[in-house]
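Before any comments, here is the structure.
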Protein chains: 2
Amino acid sequence: MSDPKIRNMEGFAAVSGISRPTLSKYFNDPESVRKSTREKIEAALEKHDYRPNIYAVNQNRRQTKNIGLVVPNLTDPFFAGIARTIEGLIVKAGFNPLLLSSHGGPAQEITNLESLRSIKPAGVLLAPLGRASLEDQVAAFAGEVPTVLFDANLEGIGEAFFGSDNNQSINLIVDYLCRSGEPPVFFELKTPINPNACKRRTAYIAAMEKLGHEPHLIQVEGQGWNFEEIGFREGARILTKQKLPTNTILCSNDRLAIGLLSAAFENGIKVGLDASASLRIAGHDDHPFSRFTCPSLTTVSQDYDAIAARGVETILSLIESENRIERREETLFEGKLVMRGSA
Amino acid sequence: MSDPKIRNMEGFAAVSGISRPTLSKYFNDPESVRKSTREKIEAALEKHDYRPNIYAVNQNRRQTKNIGLVVPNLTDPFFAGIARTIEGLIVKAGFNPLLLSSHGGPAQEITNLESLRSIKPAGVLLAPLGRASLEDQVAAFAGEVPTVLFDANLEGIGEAFFGSDNNQSINLIVDYLCRSGEPPVFFELKTPINPNACKRRTAYIAAMEKLGHEPHLIQVEGQGWNFEEIGFREGARILTKQKLPTNTILCSNDRLAIGLLSAAFENGIKVGLDASASLRIAGHDDHPFSRFTCPSLTTVSQDYDAIAARGVETILSLIESENRIERREETLFEGKLVMRGSA
DNA sequence: GGCAATATTTTACGCGCGTAAAGAATATGA
DNA sequence: TCATATTCTTTACGCGCGTAAAATATTGCC
């Protein structure tokens with residue numbers, strides 16, 4: 001805001017009348033200097049627009065203020081949403097979030113961790129791809145940098161894991177579906193990449209058996225993260241070519257359900273609750289778009305505010321304590337039933 | 001991968017038998033050293049896993065290899081998709097992309113630029129919020145850091161702009177809609193935040209008049225980026241309470257159309273092309289979810305591969321040439337008609 | 001007003017690397 | 001083979017800041 005451009009802290013010391021070491025203290029923690037000097041510094045900052053060179057700072061600090069945040073796929077609004085929530089919490093804690101997406105690829109996931117390593121993050125929040133993850137390399141990274149997993153668990157990797165209680169949530173919706181109509185079949189990928197998908201499958205089977213129904217899995221071909229596409233393509237196949245044992249389909253996730261709903265529509269199959277409908281479809285996750293499907297999708301919402309909050313909390317305390325956690329913590333949060341038009 | 005951990009380039013010089021200045025040359029450009037020494041260095045890298053400290057490097061280089069990438073809203077899969085494409089191109093060029101989302105907020109947009117400033121990016125690719133952007137502050141930033149705009153234009157800000165030719169694309173779809181059925185009304189926000197929305201409105205009016213039809217705007221209330229929500233809420237209102245002059249609605253963007261389709265479905269209004277349908281709906285953008293709406297959404301796709309490619313190309317040449325462009329370039333790319341089931 | 005406690009200044013070094021200059025080594029070509 | 005052009009090594013300095021230690025200044029308190 002004023003005449004001579006200030007190039008470094010020395011220069012700012014000159015114009016502010018405060019010594020450089022004291023300024024350094026101030027920038028690391030404004031509360032650590034006397035109130036009167038703090039005011040002098042802040043008054044000078046108003047006029048002179050100086051900020052410490054972040055590279056010089058990070059070169060000398062023992063720890064950076066960076067926290068890495070890696071999600072499997074930012075193109076999925078579900079993860080974009082979580083990422084946004086987490087970023088907000090990190091900023092509020094005075095740290096600097098760095099968001100990276102693995103774009104569904106294991107190699108990219110490792111690349112992301114590698115590039116995080118070079119910025120020396122104080123900690124990392126990682127939502128791994130799951131089965132596709134190159135576990136050895138992820139584990140190696142987590143051995144060097146305090147890492148907390150969320151969304152998808154990799155056994156024994158990282159200091160903690162926060163995710164959804166698939167057992168509870170699948171139970172919830174299977175129970176609801178059975179109470180309100182015919183028991184559901186389970187629509188999923190044959191070879192799911194995500195551990196949550198596997199847990200949901202076994203949870204489905206257990207829930208059905210508990211209620212005295214025969215579980216029925218519909219496992220379709222499909223790779224990658226284009227779930228809507230798979231749900232649409234394979235959904236069309238099973239809806240037209242295959243005789244379903246019931247009129248109710250529970251999908252392993254909402255994105256599959258979105259594709260399936262679209263396939264049902266295209267094939268003139270009416271989905272919903274009223275008498276004229278011949279099919280019920282439910283999902284899992286409460287994807288941002290699930291409110292706008294036709295009909296709107298009945299599903300289970302994940303408590304991702306809680307997951308985000310606990311994840312950030314944990315990585316921060318890990319950073320604070322400067323050492324690793326004594327025992328790896330795994331916490332699962334309960335889902336909530338979201339009743340809409342499709343089931 | 002070997003015994004004594006290497007802490008700096010000095011240490012790596014010791015184990016590799018190459019002097020530090022030469023190593024420095026190598027890391028800045030492997031091709032700049034003789035082949036035989038390059039091989040020696042790379043052999044040593046295989047065994048010793050050393051990488052230059054990025055903070056020390058950036059402190060001393062005149063320019064970093066960072067390129068900022070700011071999008072208005074990562075929760076929108078459209079921007080997530082563009083961002084991914086652009087990131088890929090930046091990496092391929094040997095630079096380091098830094099992705100930030102403004103989350104629909106002008107203050108966040110400025111915060112993003114501020115935090116980019118502190119990492120001293122060589123250049124920035126910015127998709128601004130549009131009307132909501134705090135133009136003065138964006139302009140001030142663009143005055144300090146080479147900046148290229150895309151998606152939404154801010155007059156005179158940045159070295160160049162790449163976006164869609166809304167005039168052409170709206171013409172295209174209005175033309176198609178008129179040829180294939182009744183001329184469309186235009187469904188949009190009363191006070192759009194995005195300059196593209198304004199251009200689309202005037203393009204719609206011009207296209208209609210050119211074809212000898214009376215333009216008809218339906219402008220609904222609504223703020224923010226939750227377009228589906230607005231499309232759904234206001235769509236339900238106009239579909240039930242208002243007599244439309246035609247059976248065809250062109251939406252200002254796909255996300256509004258997705259909400260509107262959902263509203264039509266909820267109200268038992270059949271959308272599509274066949275005789276039994278009473279409404280046609282079209283959108284604009286070819287949003288990733290538009291293929292899976294019910295019915296699938298007829299729309300215009302933006303050529304965002306071209307936008308991404310030219311944007312990256314431009315910022316790179318700007319960085320290379322170390323100075324600003326002589327004349328601000330504005331390039332618009334044509335859209336393609338995507339015919340699906342809804343219109 | 002004087003003392004102890006606390007805060008600031010002064011001085012100095014180190015972080016890891018870019019880079020310039022001069023001399024030594026190596027490659028190139030006729 | 002030798003002269004020449006490249007490339008590398010050695011030496012040295014600087015980047016902007018963290019931080020330690022000792023000296024000095026300021027504050028709070030009785």
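All chains are named by letter (A, B, ...) in the order of the sequence lines, taking the proteins before the strands, and each is independently numbered beginning at 1.
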What nucleic acid atoms does [X] come within less than 4.0 Å of, heavy atoms only: base, sugar-phosphate, or nothing?
| X | answer |
| --- | --- |
| A/G11 | nothing |
| B/Y50 | sugar-phosphate |
| B/Y26 | nothing |
| A/N28 | sugar-phosphate |

*Just how far, in rounded Å, is C1' of D/dT6 from NZ of B/K35?*
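It is 17 Å, rounded to the nearest whole Å.
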
*Rounded to the nearest Å, what distance is computed from the CG atom of residue B/L23 to the P atom of nucleotide D/dT10?*
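Those two atoms, CG and P, are 12 Å apart.
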
*asked:* Just to verify, which of B/E42, B/E31, B/R38 counts as forming a side chain to side chain donor-acceptor pair (under 3.5 Å) with B/Y26?
replied: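 Testing each of B/E42, B/E31, B/R38 against B/Y26, the sole residue satisfying side chain to side chain donor-acceptor pair (under 3.5 Å) is B/E42.
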
_Heavy-atom nearest nucleotide on DNA chain C for B/V57 versus A/S32: which residue maps closer to 5'?_
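Nearest-nucleotide comparison on DNA chain C picks A/S32.
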
*Will you find, in the side chains of B/N8 and B/R20, an N or O donor that is under 3.5 Å from an N or O acceptor?*
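Result is no, nothing qualifies.
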
*asked:* We want to know whether A/T314 and A/E159 form a side-chain donor-acceptor pair, criterion being a heavy-atom distance below 3.5 angstrom.
replied: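 Result is no, nothing qualifies.
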
Answer yes or no: is there a donor N or O on one side and an acceptor on the other, between the side chain of [X] and the main chain of [Y], under 3.5 Å?
| X | Y | answer |
| --- | --- | --- |
| A/R328 | A/I157 | yes |
| B/E109 | B/L129 | yes |
| A/S101 | A/H103 | yes |

*When rounded to the nearest 0.5 angstrom, what distance separates CG in B/L99 from CD in B/E87?*
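Rounded to the nearest 0.5 Å, the CG-CD separation comes out at 5.0 Å.
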
*Sugar-phosphate means primed atoms, P, OP1 and OP2; the rest is base. With that split, encode nucleotides 22-28 of chain D 5' to 3' as B, S or - using protein heavy atoms under 4.0 Å.*
----SS-

_Stretch residues 114-122 of chain B: residues that reach within less than 4.0 Å of DNA chain C through a heavy atom_ =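 Those residues whose heavy atoms fall under 4.0 Å from DNA chain C, taken from residues 114-122 of chain B, amount to none.
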
_5' priority, DNA chain D, between B/A56 and B/R38 [closest heavy atom]_ =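 Between the two, 5'-proximity favours B/R38.
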
*If you walk 5' to 3' along DNA chain C, what is the first nucleotide with an atom under 4.0 Å of a heavy atom in chain A, and what is the last?*
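Contact boundaries, 5' end first: C/dA7 to C/dG16.
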
Considering residues, nucleotides and ligands other than [X], do more than 12 of their heavy atoms fall under 6.0 Å from its [atom1]?
| X | atom1 | answer |
| --- | --- | --- |
| B/R61 | CZ | yes |
| B/R310 | CZ | yes |
| B/R7 | CZ | no |

*Does a side-chain N or O from B/S19 land closer than 4.0 Å to OP1 or OP2 of D/dC8, or not?*
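For D/dC8, OP1/OP2 do not have a side-chain N/O of B/S19 under 4.0 Å.
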
*Verify the ring-centre separation between B/F333 and B/F150: is it less than 6.0 angstrom?*
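No, ring centres 6.0 Å or more apart.
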
